[in-house]
A.B. asks: 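Take a look at this one; I'll ask things after.
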Number of protein chains: 2
Amino acid sequence: MGRTPPHPEVSQFDLQQVLEALVDPVRRSIVAQLDASGVDIPCGGFDIPVSKSTATHHFNVLREAGLIRQYYVGTSRMNSLRRAEMDEVFPGLLDALTRQPVRKT
Amino acid sequence: MGRTPPHPEVSQFDLQQVLEALVDPVRRSIVAQLDASGVDIPCGGFDIPVSKSTATHHFNVLREAGLIRQYYVGTSRMNSLRRAEMDEVFPGLLDALTRQPVRKT
DNA sequence: GCGAAAGTACGATCGATGTCAAACTTTGAT
DNA sequence: ATCAAAGTTTGACATCGATCGTACTTTCGC
């Protein structure tokens with residue numbers, strides 16, 4: 001593994017892509033948990049009701065949209081919320097979403 | 001026709017449903033056009049690249065999510081953005097979205 | 001009344017996406 | 001060296017939703 005996956009630059013953030021990422025409740029929950037905790041969290045450290053392979057998919061979608069940054073620490077893939085960068089490009093968006101609890105299903 | 005379709009109350013607005021409505025570019029374009037014009041617009045008065053039956057579907061989704069209010073005037077169905085009510089329940093959300101241009105696709 | 005205009009209803013289609021299981025890879029610890 | 005832990009990859013599957021065409025309904029104007 002060891003390789004750092006590609007991350008989009010701020011200038012490439014796309015609203016459509018960000019919305020498609022955030023419309024999924026599992027992914028919105030991941031973002032909410034990152035936002036609430038304030039620290040980076042490994043993939044396995046989230047409370048989400050899906051299998052590991054599905055989780056991998058969700059993290060990929062979030063990373064490709066620019067919502068999280070991922071880096072390895074040993075065998076763990078850490079996830080960091082790109083809060084400031086998102087706020088810069090889409091001011092108010094994450095605020096509006098994290099202010100609300102994520103729906104159950 | 002003549003009958004007024006059902007509209008959700010503010011207390012029933014659901015973030016998941018609102019996001020699912022706004023993730024579609026056509027629907028986001030409808031909301032943006034309503035927001036920009038400031039006046040009510042009949043279904044046929046929007047600049048959207050879909051057939052009439054598809055348009056009907058999109059307006060239904062927006063209405064059921066609480067984003068627009070619909071009422072008949074003759075054979076025309078008028079559409080009104082429920083801006084204040086949305087802002088009340090999801091402050092900042094419409095601001096964040098209408099601030100951005102709707103992507104082409 | 002009749003025709004046109006504005007939508008709606010109803011299927012049907014087709015692509016996208018969320019999901020999982022199984023096999024694999026990489027890293028750290030013993 | 002071996003094993004376990006943490007993710008990834010791949011392929012399959014199922015569901016959902018955007019789309020359209022056609023037929024239908026309602027209302028307005030002549």
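Hydrogens, waters and symmetry mates play no part in the numbers below; they use all other heavy atoms, side chains included. Each chain gets a letter, A, B and so on, in the order the sequences are listed, and its residues count up from 1.
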A.B. asks: Give me the residues of residues 47-71 of chain A where at least one heavy atom lies under 4.0 Å from an atom of DNA chain D, by number, or none.
C.D. replies: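 Nucleic-acid contacts, sorted: Lys52(A), Ser53(A), Thr56(A).
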A.B. asks: For Val61(A), which fellow cluster members are found when Ile, Leu, Val, Met, Phe, Trp and Tyr are connected by side-chain heavy-atom distances below 4.5 angstrom, either directly or through intermediates?
C.D. replies: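 Listed partners: none, Val61(A) stands alone.
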A.B. asks: According to side-chain hydrogen bond (donor to acceptor under 3.5 Å, both in side chains), who are the partners of Gln70(B), at least two apart in sequence or on a separate chain?
C.D. replies: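 In terms of side-chain hydrogen bond (donor to acceptor under 3.5 Å, both in side chains), with neighbours along the sequence ignored, Gln70(B) is linked to Arg63(B), Asn79(B).
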A.B. asks: Can you tell me which nucleotide in dG7(D), dA18(D), dG28(C) comes closest to the side chain of Thr75(A)?
C.D. replies: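 Out of dG7(D), dA18(D), dG28(C), the nucleotide with an atom closest to Thr75(A)'s side chain is dG28(C).
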A.B. asks: Kindly write out the residues that satisfy side-chain hydrogen bond (donor to acceptor under 3.5 Å, both in side chains) with Arg82(B), not counting sequence neighbours, or none if the list is empty.
C.D. replies: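 Expected list: Glu85(B).
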A.B. asks: Could you go through nucleotides 14-16 of chain D and list every protein N or O atom that sits under 3.5 Å from one of its N or O atoms, giving the distance for each pair?
C.D. replies:
none

A.B. asks: Thr54(B): what forms a side chain to side chain contact (heavy atoms under 4.5 Å, CB included) with it, not counting sequence neighbours?
C.D. replies: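 Listed in chain order: Val50(B), Ser51(B), His58(B).
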A.B. asks: Take the protein atom CG of Asp24(A) and the nucleotide atom P of dT17(C), then report the distance between them rounded to whole Å.
C.D. replies: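 In whole Å, dT17(C) P and Asp24(A) CG are 11 Å from each other.
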A.B. asks: Any protein N or O atoms within reach of nucleotides 14-16 of chain C? Criterion: under 3.5 Å, listing atom names and distances.
C.D. replies:
none

A.B. asks: Nearest-Å distance, CD1 (Ile41(A)) to C1' (dA6(D))?
C.D. replies: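 So the two atoms are 16 Å apart, to the nearest Å.
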A.B. asks: When you measure from the side chain of Glu20(A) to the backbone N and O of Val23(B), does any donor-acceptor pair fall under 3.5 Å?
C.D. replies: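 It does not hold such a pair.
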A.B. asks: Could you list all the ring pair (Phe, Tyr, Trp, His ring centres under 6.0 Å) pairs where at least one residue sits in residues 7-38 of chain A, not counting sequence neighbours?
C.D. replies: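 Checked against ring pair (Phe, Tyr, Trp, His ring centres under 6.0 Å) - neighbours excluded - no pair reaches residues 7-38 of chain A.
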A.B. asks: Any idea which of dA6(C), dG7(D), dA18(D) is nearest the Ser76(B) side chain?
C.D. replies: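 So the side chain of Ser76(B) is nearest to dA6(C).
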A.B. asks: By salt bridge (charged side-chain N to carboxylate O under 4.0 Å, His left out), which residues pair with Arg27(B), not counting sequence neighbours?
C.D. replies: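 None.
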A.B. asks: Go through dT17(C), dT19(D), dA6(C) for me and flag the one nearest to the Val26(B) side chain.
C.D. replies: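 Within the option list, the nearest is dT19(D).
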A.B. asks: Using the ring-ring contact (aromatic ring centres under 6.0 Å, His included) criterion, which residues pair with Phe59(B)? Sequence neighbours excluded.
C.D. replies: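 Partners of Phe59(B) under the ring-ring contact (aromatic ring centres under 6.0 Å, His included) test: Phe46(B).
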A.B. asks: What integer distance in Å separates Asn79(A):CG from dA6(D):C1'?
C.D. replies: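 Interatomic distance, CG of Asn79(A) to C1' of dA6(D): 12 Å.
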A.B. asks: Pair up each side-chain donor or acceptor in residues 86-96 of chain B with any protein partner under 3.5 Å, not counting sequence neighbours, and list the distances.
C.D. replies:
from     : atom 1 : to       : atom 2 : distance (Å)
Asp87(B) : OD1    : Arg83(B) : NH1    : 3.1
Asp87(B) : OD2    : Arg83(B) : NH1    : 3.3
Asp95(B) : OD1    : Arg83(B) : NH2    : 3.2

A.B. asks: Just how far, in rounded Å, is C1' of dT17(C) from CG of Leu19(B)?
C.D. replies: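 Going from CG in Leu19(B) over to C1' in dT17(C) covers 17 Å.
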A.B. asks: Take the protein atom CZ of Phe46(A) and the nucleotide atom C1' of dA6(D), then report the distance between them rounded to whole Å.
C.D. replies: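 Going from Phe46(A) (CZ) to dA6(D) (C1'), I get 14 Å.
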A.B. asks: Side-chain donor-acceptor pair under 3.5 Å between Gln33(A) and Ser29(A), yes or no?
C.D. replies: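 Side chains of Gln33(A) and Ser29(A): pair found under 3.5 Å.
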A.B. asks: Begin from the C-alpha positions of Gln16(B) and Arg28(A) and carry the test side-chain contact (heavy atoms from CB on, under 4.5 Å) through to its verdict.
C.D. replies: CA-CA 10 Å; Gln16(B) 183 63 35; Arg28(A) 211 158 62 252; 2.7 Å; yes
